[in-house]
Asker: 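This is the structure I have questions about; it appears just below.
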Amino acid sequence: MSMTIKPILPRFGAEVSGIDISKPLDAEQQAAVIAAMNQWGVCVYRNTGLDNDSHIRFSQIFGYLERAPSRPGKPPRHGHRELFDAGNLTETGEILQDEALLVHKKGDRLWHTDSSFMDMRSAYSLLLAYEVPREGGQTWFADTRSAYDDLPQSMKDRIAGLEAEHSLWWSRMLAGVPLTEEEIDQRSSARHPLVLHHEGSGRDALYVAAHARDIVGMERDDGRALIRELIEWATQPQYVFSVDWNPGDLVIWDNLASMHRGGDFDERNERRDMRRTTVREGTPPAEPDDPFAVLFSAGLKAPAKTDA
Ligand code: OGA
Ligand code: MN
């Protein structure tokens, strides 16, 4: 059986079947998987049979994998630093009850693009479901290329050449983490153009979402109003769909062509085990690097040290 692509929205999102991604893929299959991502921005593969190792191997066809921050004396939970934990379980596999961590994770319920707060942007995220709640816990996606295409010309002119300042701590503050603007000022942030050129499709896309804190060179209030307006525009119903998960499902999204957010579920009582690999944009570094460890070395809540 050959690969079959079933669009979810006319311009965005597809269910892909007829290809066994748990086995090594030949060059032609890899090209087809990448082409599907370039066109559709989000691809859903059901019942993949992937495990940690094959998840990582499959992800590597897209490029260099980011490494989750390591903590002194603690080996990575699933034995691989390439796996980011997007679920609600502790190191030992119980349901997380730590209030500070739960609030921090609430940030994923806001429309966001993974890692836009880093200087080096993430291109693809590949999220694999292991355990899912009985209700809720779906993931929502929004089409930032079509949203850009459909903007009135006056808005395209207004935002051309603008840059946004992105901070993880800003989206955490929005989610309820007790941080002040001054504390966020002291922590790292990254600047990216508000409109990006999506290489794989030749289309342009909005690059905003929850980490975007300010527009460079604009008054804070005006910049934030513009950021909110663009997020609202891009998350209108015609740009949005949700995915209901079952164990074994893999969803790949292109962070440079979409935004996403997690859906609510009974997080204190229901288990959700989701593991994610993240592919960095551009050419791999000569040696594996560790920018996330640097970012999180400031801790989740306490202000960063300023002697760096
Ligand atoms: C992520 C993320 C949302 C979800 O893994 O980057 O935002 O529904 N996940 O798990
Ligand atoms: Mn995310």
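Note that ligands are numbered from 1 as they come in the structure, with each ligand's atoms numbered from 1 the same way. Keep in mind that this is a model prediction, so the values were computed, not measured.
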Asker: Would you check the N or O atoms of W253, main chain and side chain alike, for any that come under 3.5 Å of an N or O of ligand 1?
Answerer: no
Asker: In ligand 1, which numbered atoms sit nearer than 4.0 Å to a non-hydrogen atom of H112?
Answerer: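 Counting atoms of ligand 1 from 1, those under 4.0 Å from H112 are 7 (O).
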Asker: Closer than 4.0 Å to some heavy atom of A86 - which atoms of ligand 1 meet that?
Answerer: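 Here the atoms of ligand 1 in question are 5 (O).
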Asker: What protein heavy atom sits nearest atom 10 (O) of ligand 1, and how far off is it?
Answerer: R272 NH1, 2.9 Å
Asker: List every atom of ligand 1 that sits less than 4.0 Å from any heavy atom of H260, numbering the atoms from 1 in the order shown and giving each element.
Answerer: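 Numbered from 1, ligand 1 contributes 1 (C), 2 (C), 6 (O), 7 (O).
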Asker: Distance under 4.0 Å to a non-hydrogen atom of D114: what atoms of ligand 1 satisfy this?
Answerer: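 Result: 6 (O).
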Asker: How far is atom 9 (N) of ligand 1 from the closest protein heavy atom, and which atom is that?
Answerer: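 For atom 9 (N) of ligand 1, the nearest protein heavy atom comes out as L127 CD2, 4.0 Å.
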Asker: Within 2.8 Å of the Mn ion (ligand 2), is there any N, O or S atom belonging to D108?
Answerer: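 Here the distance criterion (N, O or S atom, under 2.8 Å) is not met by D108, so no.
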Asker: Please determine whether a side-chain nitrogen of the Lys or Arg among D185 and R213 lies less than 4.0 Å from a carboxylate oxygen of the Asp or Glu.
Answerer: yes
Asker: If you measure every N/O of W245 against every N/O of ligand 1, is any gap under 3.5 Å?
Answerer: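 N/O-N/O distance below 3.5 Å does not exist for this pair.
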Asker: Hey, is M274 touching ligand 1 through its side chain, its backbone, both or neither, going by heavy atoms under 4.0 Å?
Answerer: neither
Asker: Do the side chains of I5 and Q39 get nearer than 4.5 Å, heavy atoms only?
Answerer: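 A side-chain contact under 4.5 Å is absent here.
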Asker: Could you walk me through whether E66 and R280 pass the salt bridge (charged side-chain N to carboxylate O under 4.0 Å, His left out) test, one step at a time?
Answerer: CA-CA 6 Å; E66 302 279 10; R280 188 181 299 162; 3.0 Å; yes
Asker: Between R276 and D108, does any side-chain N to carboxylate O distance fall below 4.0 Å?
Answerer: no
Asker: By atom name, which N, O or S atom of D114 is the nearest to the Mn ion (ligand 2)?
Answerer: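 Result for D114 and the Mn ion (ligand 2): OD1.
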Asker: May I ask whether F265 places a heavy atom under 4.0 Å from ligand 1?
Answerer: no
Asker: If only side-chain N and O atoms count, and only distance matters, is there a donor-acceptor pair under 3.5 Å linking D157 with S154?
Answerer: no
Asker: Relative to the Mn ion (ligand 2), which of the N, O or S atoms in H260 is the closest?
Answerer: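 Atom name of the closest N, O or S in H260: NE2.
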Asker: Determine the sole option in H198, H192, H197, H112 for which the ring pair (Phe, Tyr, Trp, His ring centres under 6.0 Å) test with Y207 is passed.
Answerer: H192
Asker: Centroid separation under 6.0 Å, is that true for the rings of F241 and F12?
Answerer: yes
Asker: Can you tell me the protein heavy atom closest to atom 8 (O) of ligand 1 and the distance?
Answerer: T139 OG1, 2.6 Å
Asker: Does an N or O anywhere in R261 fall below 3.5 Å from an N or O of ligand 1?
Answerer: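 Between R261 and ligand 1, no N or O pair is found under 3.5 Å apart.
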Asker: Closest non-hydrogen protein atom to atom 1 (C) of ligand 1, residue and atom name please, with distance?
Answerer: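 Looking at atom 1 (C) of ligand 1, the protein heavy atom closest to it is R276 NH1, 3.5 Å.
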Asker: Going by an N to O cut-off under 4.0 Å, is there a salt bridge joining E99 and R268?
Answerer: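 Yes, E99 and R268 are salt-bridged.
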Asker: Using the rule that two of Ile, Leu, Val, Met, Phe, Trp, Tyr join whenever any of their side-chain heavy atoms come within less than 4.5 Å, decide whether W40 and V240 are in one cluster.
Answerer: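 They do not share one cluster, since no chain of ILVMFWY contacts under 4.5 Å joins W40 to V240.
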Asker: Could R81 and D290 be called an ion pair, given the rule that one side-chain N must be under 4.0 Å from one carboxylate O?
Answerer: yes
